[in-house]
Amino acid sequence: MTIRDIVLFPDDILTTKCEPVEEVDDAIRELIDDMVETMYDAPGVGLAAPQVGVPLRITVIDPTAGEEEDDLHVLINPEIVEAEGHLSWEEGCLSIPGVYEKIDRAARVKVRALDRDGEPYELEAEDLMSVCIQHEIDHLDGILFLDRMSRLKRRIAVKKYKKHLAKMKQAEDEEGDEEDSQ
Ligand code: GNR
Ligand code: NI
């Protein structure tokens, strides 16, 4: 298993509508294993294939990430078949680090997907799991949580993100300088 690089905003793949998986084969399972390792390493509670540069409809979700018990879900070609209620949850995104904002979503969803063996299954979710499913399916449709903010909040969020990115780059450069001088 390999930890893959996470694609950062703005990158065209994050606004691309991803293609369905036609056959769940060993290559797809290897991608899934890498996505799981990348998600836990980040750490994050979900990851979509376009976030590791692959435009396919695959996502992995573990709303307990960081806790001891694992609750890992693999969703291939996921489709929301029922949605009800409303909630507002503070979301973050591994492709837009440094930004956290409340986003309105359905409170409960029922989703149909294939598992890592290519078998169809259904899942009902509420709270964080429901939010994650909707956030990840958005990624597969090329939609970011920035796109679900008001224009003003989005503008503030993008500014905040650019500042955060500049700080991350500066920290990396300083680390590099230290290594150079050793
Ligand atoms: O790690 C993540 N946390 C999170 C928190 C609230 C709502 C959604 C998420 S998903 C995010 C990881 C990610 O970017 N997935 O695409
Ligand atoms: Ni995300």
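As the structure lists them, so they are numbered: ligands from 1, and atoms in each ligand from 1. In this chain, numbering begins with 1 at the start of the sequence shown. Basis for what follows: all heavy atoms, side chains included, without hydrogens, waters or symmetry-related copies. Please read these numbers as outputs of a predicted model, since none were measured by experiment.
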How many angstroms lie between atom [atom1] of [X] and atom [atom2] of [Y], to the nearest 0.5 angstrom?
| X | Y | atom1 | atom2 | value |
| --- | --- | --- | --- | --- |
| Asn77 | Cys18 | CG | SG | 11.0 Å |
| Glu90 | Phe145 | CD | CZ | 9.0 Å |
| Leu123 | Asp115 | CG | CG | 11.5 Å |

For [X], take its heavy atoms, then give the atoms of ligand 1 lying under 4.0 Å from any of them.
| X | result |
| --- | --- |
| His139 | 16 (O) |
| Gly46 | 12 (C), 13 (C), 15 (N) |
| Val131 | 7 (C) |
| Cys93 | 14 (O) |
| Gly44 | 1 (O) |
| Val45 | 1 (O), 2 (C), 3 (N), 4 (C), 9 (C) |

Residue, atom and distance of the protein heavy atom nearest atom 15 (N) of ligand 1 read Glu136 OE2, 2.7 Å

of all protein heavy atoms, closest to atom 11 (C) of ligand 1 is Gly92 O, 3.5 Å

His135 atom NE2 and His139 atom NE2 as seen from the Ni ion (ligand 2), angle to 10 degrees
100°

For the residue pair [X] and [Y], establish whether any side-chain heavy-atom pair is separated by less than 4.5 Å.
| X | Y | answer |
| --- | --- | --- |
| Glu91 | Arg105 | yes |
| Leu94 | Thr38 | no |
| Arg154 | Asp147 | yes |

Does Glu119 offer a backbone N or O that forms a donor-acceptor pair with the side chain of Asp117 under 3.5 Å?
no

Would you please determine whether Glu90 falls within less than 4.0 Å of ligand 1 on a heavy-atom basis?
yes

